[in-house]
Amino acid sequence: MAAVADISPDFADMTIAWATGHILTRPGLDLATHELILVAACATQGFALAQLVAHAEAGLRAGATRQQILETILQLTFYAGGPAVSNALVALKDVLAEPQA
């Protein structure tokens, strides 16, 4: 959101308020599951790579594992196609890398 906040602070504010205030707080799914769904949606679109990385990182903070994020992406191969999955995996290379000890 920082990139668009300079251009349109109102868009950034509306997006954050709508997503975090209305969508991510809905009952029925835990926050990690919400984020895994958003990872899948961004990967399927194929052009939302910055958002894909942001939601994968948010998923990790919410308790999703790297393995869950990877499996979420791999599940898309048939429906989103190999190129979309490959692009998502490349975009998430740093996110999916095991932390250095």
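We count residues from 1, following the sequence as given.
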Looking only at heavy atoms, what is the nearest atom pair of [X] and [Y], with distance?
| X | Y | result |
| --- | --- | --- |
| C42 | Q51 | SG-CB, 3.7 Å |
| V85 | I73 | CG2-O, 3.7 Å |
| A43 | A88 | CB-CB, 3.8 Å |
| A64 | A32 | N-CB, 3.8 Å |
| G59 | E35 | CA-CB, 3.6 Å |

Residue pair H34 / I37, side-chain heavy-atom distance below 4.5 Å: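 No; the side chains remain at least 4.5 Å from each other.
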Mind checking the [atom1]-[atom2] spacing from [X] to [Y]? Nearest 0.5 Å is all I need.
| X | Y | atom1 | atom2 | value |
| --- | --- | --- | --- | --- |
| E57 | L92 | CD | CG | 8.5 Å |
| I69 | L89 | CD1 | CG | 11.5 Å |
| Q67 | T72 | CD | OG1 | 9.5 Å |

In one Ile/Leu/Val/Met/Phe/Trp/Tyr side-chain cluster, 4.5 Å: [X], [Y]:
| X | Y | value |
| --- | --- | --- |
| L74 | L76 | yes |
| L31 | L60 | no |
| L38 | V95 | no |
| L70 | L52 | yes |

Exceeds 12 heavy-atom contacts within 6.0 angstrom, atom CD of E71: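 Yes - once you tally the heavy atoms of other residues, nucleotides and ligands closer than 6.0 Å, there are more than 12.
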Check: T44 side chain, A40 main-chain N or O, donor-acceptor pair, under 3.5 Å: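 Pair found, side chain donor or acceptor close to backbone of A40.
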